[in-house]
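Written below as structure tokens is the structure these notes are about.
Here the structure is a predicted model, which means the values were calculated and not measured.
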Amino acid sequence: MLWSFRIGSLFGIPIKLDLTFLLVLPLFGYLIGIQLEPLVELLNSGLGAEITIEALTADWWLPFVVGLIAAIGLFIGVVLHELGHSLTARRYGFPIDSITLWLFGGIAALSEMPEDWRKEFWIAIAGPIVSVLVGVVSFGLFVVTPVDLDGVRFVLGYLAILNVGLAIFNMVPAFPMDGGRILRALLARTHPYAQATQRAASIGKFFAVLMGLFGLLAFNIILIGVAFFVYIAASSESQQVTMKAAFEDVTVGDIMTPASALDTVSPETSVASLFQRMFTERHTGYPVIERDPGGGGRLIGLVTLSDAREVEPVEREAYTVADVMSTDLETIEADSDAMVAIETMREHNIGRLLVVEGDDLVGIISRSDLMTAFDIVQQSGGAVSPQPGSQFRR
Ligand SMILES: [Zn+2]
């Protein structure tokens, strides 16, 4: 959502447009315009519309105007669909940040997702229900519109079919589509939330692959795009929920490498002997501790393999750790949640954090500490909350 801007608000919920959507709207208008004739035939045979194509193609630009109006109608349908989700979520007490329209439709941004299956079920199904209702209302208006208003009847008939189609498409049981959430909600009735998510995500990936294959065979680029998007979304949703469940009640202090077990280097160490230590101890990073005369130590930096590599081999005797270490260190409190550590590392794109209690260094947490802990939780089958000193300590 790089370039999105607000166009207004409905029921106090800001409606935003993403730049990708602005590109897609005229494209849709154009596509409907050039396909007007087969679309009219479809409506005539499907709904008995009896629309005269000549009335809509009297001028060369007329099909495109009709197409653009139909595309805008579609856009309103998508907003109403998202409002269905949003208003239901709000009724359950979940705040809605905004509704954003982008390349593949709409997204209602919920600040948090309900883990109660009933709430998720109703929030997810509200969108498709609204779309069906919009389709039915469009059809009703289509029926009562005077026969000589061919353009209006085309748009209404088109919207009747497309909104019902939108509802059906959204019911495909794959994240992040509504069908995926409905499926998870139904699975969560009998399974733990993380397990229900994993199952729903696997089914979603299967459908994404199916959709992608179908898109390839039909040379349908939009379908391939949606399939790709669904696959990625299913993977990340399941990974996030699984991690969150695995790390529930696990703090950084539980899985960090404690200071007592930590190998450190002094700032005067040469880069050459740092390499030697990395090689023999198989560490890729060390906290740099300055010893004071009293016998205590003060943390002044962190040195990693990539810092050390910056020095040419011939100069490694001449340079010291103090020359290459990084001094702006990211720290995290020992009692923070493990998920916070993951997010902090991701945000700063770093592999380890210093764990502090107040001003004291009490340990280091690395990406591999987190991954090892995650593997253990997964293989032990479900969320456990480790006590300090358990298998999470290394
Ligand atoms: Zn939806």
Side-chain angles (χ1 to χ4, degrees), residues 1-34 61 63-114 123-124 126-131 133-135 137-138 155 158-159 162-163 165-167 169-170 174-178 180-181 221-237 240 343 346-349:
M1 297 299 129
L2 260 179
W3 289 316
S4 63
F5 53 91
R6 201 184 141 132
I7 52 164
S9 70
L10 280 170
F11 300 98
I13 299 166
I15 312 286
K16 292 181 187 167
L17 279 191
D18 186 74
L19 196 70
T20 53
F21 183 81
L22 281 188
L23 296 175
V24 123
L25 191 66
L27 180 70
F28 257 61
Y30 172 76
L31 288 176
I32 297 169
I34 57 169
W61 46 263
F64 300 108
V65 172
V66 173
L68 194 64
I69 293 170
I72 292 171
L74 215 52
F75 145 83
I76 294 169
V78 171
V79 172
L80 292 174
H81 173 109
E82 295 305 326
L83 267 180
H85 292 307
S86 303
L87 294 180
T88 314
R90 202 161 67 177
R91 238 197 64 204
Y92 285 127
F94 294 96
I96 304 293
D97 296 338
S98 62
I99 290 175
T100 303
L101 292 161
W102 73 303
L103 186 53
F104 294 134
I107 295 176
L110 270 74
S111 310
E112 51 185 323
M113 273 293 176
I123 293 170
I129 289 176
V130 168
S131 288
L133 289 178
V134 172
V137 170
S138 302
V155 171
Y158 181 80
L159 291 179
L162 258 273
N163 277 292
L166 187 72
F169 179 68
N170 267 290
F175 288 122
M177 285 195 277
D178 302 331
R181 306 207 177 282
I221 293 185
I222 293 187
L223 205 54
I224 296 172
V226 172
F228 186 71
F229 174 69
V230 164
Y231 193 90
I232 301 282
S235 309
S236 82
E237 173 99 20
Q240 249 190 21
E343 276 148 28
R346 201 176 282 159
E347 210 172 287
H348 297 279
N349 194 25

Show your working on side-chain contact (heavy atoms from CB on, under 4.5 Å) between Ile13 and Leu83 and close with a plain yes or no.
-> CA-CA 9 Å; Ile13 299 166; Leu83 267 180; 4.2 Å; yes
For Arg91, which residues count as a side chain to side chain contact (heavy atoms under 4.5 Å, CB included) partner, sequence neighbours excluded?
-> none
Could I get the full list of ring pair (Phe, Tyr, Trp, His ring centres under 6.0 Å) partners for Tyr30, not counting sequence neighbours?
-> Phe64
Looking at Gly84 and Ala126, what are the two nearest heavy atoms and their distance?
-> O-CB, 3.4 Å
Beyond-backbone contact of Val134 with His81, side-chain heavy atoms, under 4.5 angstrom = no
Starting at CG of Leu10, measure out to CG of Leu80 and round the result to the nearest 0.5 Å.
-> 8.0 Å
Measure the spacing between CG of Leu17 and CD1 of Ile7 and express it to the nearest 0.5 Å.
-> 4.0 Å
Nearest-0.5 Å distance that lies between atom CG in Leu68 and atom CG in Leu25 | 6.0 Å
For His85 and Ile123, work out which heavy atoms get closest and say how close.
-> ND1-O, 2.6 Å
Side-chain heavy-atom pair Val155, Val66 within 4.5 angstrom cut-off = yes
Rounded to the nearest 0.5 Å, how far does CG of Leu162 lie from CG of Leu74?
-> 5.0 Å
Phe75: partners by ring pair (Phe, Tyr, Trp, His ring centres under 6.0 Å), with sequence neighbours left out | Phe21
Look up atom CG in Leu133 and atom CD1 in Ile129, then write down how far apart they are to the nearest 0.5 Å.
-> 7.5 Å
Residues in side chain to side chain contact (heavy atoms under 4.5 Å, CB included) contact with Val65, at least two apart in sequence or another chain = Trp61, Ile69
State the CZ-CD1 distance between Phe28 and Ile72, to the nearest 0.5 angstrom.
-> 13.0 Å
Residue list, side chain to side chain donor-acceptor pair (under 3.5 Å) with Asn163, at least two apart or on another chain | none
Correct closest heavy-atom pair for Ala71 and Ile32 would be N-CD1, 4.0 Å
Of all the heavy-atom pairs spanning Pro128 and Ala167, show the shortest one and how long it is.
-> O-CB, 3.6 Å
Not counting sequence neighbours, which residues clear side chain to side chain contact (heavy atoms under 4.5 Å, CB included) with Phe228? List them please.
-> Ile232
What's the shortest heavy-atom distance between Ala89 and Ile96, and which atoms?
-> CB-CD1, 3.7 Å
Please name the pair of heavy atoms, one in Leu166 and one in Ser131, separated by the smallest distance, quoted to 0.1 Å.
-> CD2-OG, 3.7 Å
Check whether any side-chain heavy atom of Ser86 sits under 4.5 Å from a side-chain heavy atom of Ile99, and report yes or no.
-> yes
